[in-house]
Amino acid sequence: MTNKEIILRAMNELFHEKDSEAIERYWHKEYKQHNPSMTDGHQGLKNLLPVLDAGFKWKPGIIVEQGDIVITHSQVQGWGPAPVIVVDIFRLEDGKIAEHWDVVQEEVPASKSASGNAMTSF
């Protein structure tokens with residue numbers, strides 16, 4: 001399985017299927033989180049699941065894989081009151097997610113953007 005496939009499976013199983021056992025399967029024991037509102041390790045992910053909106057949806061668009069790094073550009077619904085656009089950067093080690101960074105911004109519809117372009121690739 002490629003690193004990209006690992007990310008896609010991990011995110012789907014944890015966030016869409018709400019399978020908390022996915023944490024053990026796809027996240028490294030020494031998981032390091034760089035999002036300032038989340039903690040390191042498996043417990044931080046476990047704490048996140050019960051507070052996620054029931055309609056949470058992660059929809060990836062552009063995905064780039066370079067060695068042990070996978071970058072996804074996606075739309076997320078249910079993280080807050082409005083959809084957000086997220087760039088996630090994952091570092092994998094031994095086939096598991098070892099580190100995560102993200103950049104999040106509220107989605108602006110194409111009709112309201114200066115260029116008229118959508119913020120997503122889909």
Side-chain angles (χ1 to χ4, degrees):
M1 187 171 5
T2 67
N3 286 337
K4 172 185 164 181
E5 290 169 330
I6 291 169
I7 295 300
L8 291 173
R9 284 187 184 185
M11 297 296 281
N12 182 60
E13 290 177 27
L14 183 63
F15 293 113
H16 293 152
E17 297 174 13
K18 309 288 193 268
D19 179 1
S20 62
E21 292 179 19
I23 296 167
E24 300 294 327
R25 285 192 297 276
Y26 299 108
W27 275 265
H28 197 280
K29 288 275 187 209
E30 303 298 320
Y31 174 62
K32 186 182 267 189
Q33 175 60 256
H34 296 277
N35 179 310
S37 66
M38 298 174 66
T39 61
D40 288 342
H42 288 187
Q43 192 59 48
L45 292 167
K46 290 176 184 173
N47 293 345
L48 181 63
L49 281 179
V51 298
L52 281 182
D53 185 87
F56 183 90
K57 184 175 180 187
W58 179 77
K59 184 177 181 182
I62 297 169
I63 303 174
V64 178
E65 178 178 351
Q66 178 71 43
D68 64 350
I69 300 292
V70 175
I71 301 170
T72 63
H73 182 255
S74 55
Q75 178 195 59
V76 175
Q77 296 179 16
W79 187 255
V84 291
I85 303 301
V86 182
V87 174
D88 287 294
I89 304 167
F90 302 94
R91 184 182 66 79
L92 288 90
E93 184 178 309
D94 302 323
K96 293 191 174 195
I97 301 167
E99 215 163 348
H100 171 258
W101 299 260
D102 59 14
V103 180
V104 181
Q105 73 182 108
E106 191 169 307
E107 183 175 22
V108 175
S111 63
K112 294 185 178 183
S113 74
S115 66
N117 296 323
M119 293 177 73
T120 61
S121 59
F122 44 81

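As a basis for the values below, the full set of heavy atoms in this structure was taken, side chains included, without hydrogen atoms, waters or symmetry mates. Just so you know, these numbers come straight off a predicted model, no measurement behind them.
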Legend entry - Interatomic spacing from CD in Q33 to CG in D102 - rounded to 0.5 Å: 6.5 Å

Inset, instruction - Output yes when E24 and K29 qualify as a salt bridge under the 4.0 Å nitrogen-oxygen rule, no when they do not. - result: yes

Inset, instruction - Report the distance from atom NE2 of H73 to atom CD of Q75, rounding to the nearest 0.5 Å. - result: 10.0 Å

Inset, instruction - Give, for atom CG of L14 and atom CG of L49, the distance between the pair rounded to the nearest 0.5 Å. - result: 4.5 Å

Legend entry - Contact check, side chains of W79 and V86, non-hydrogen atoms, under 4.5 Å: no

Inset, instruction - Could you tell me the separation between the CG atom of L52 and the NZ atom of K57, rounded to the nearest 0.5 Å? - result: 15.0 Å

Legend entry - Distance-only donor-acceptor check, side chains N35 and H100, under 3.5 Å: no

Legend entry - From CD1 (I7) to CD (E65), nearest 0.5 Å: 9.0 Å

Inset, instruction - Determine whether V76 and I85 fall in the same hydrophobic cluster, where Ile, Leu, Val, Met, Phe, Trp and Tyr are linked whenever their side-chain heavy atoms lie under 4.5 Å apart. - result: no

Legend entry - Exam field: side chain H34 to backbone E99, donor-acceptor pair closer than 3.5 Å: no

Legend entry - Pair E30 + K96: basic N to acidic O under 4.0 Å: no

Inset, instruction - Measure the CZ-OG1 distance between F90 and T72 for me, rounded to the nearest 0.5 Å. - result: 4.5 Å

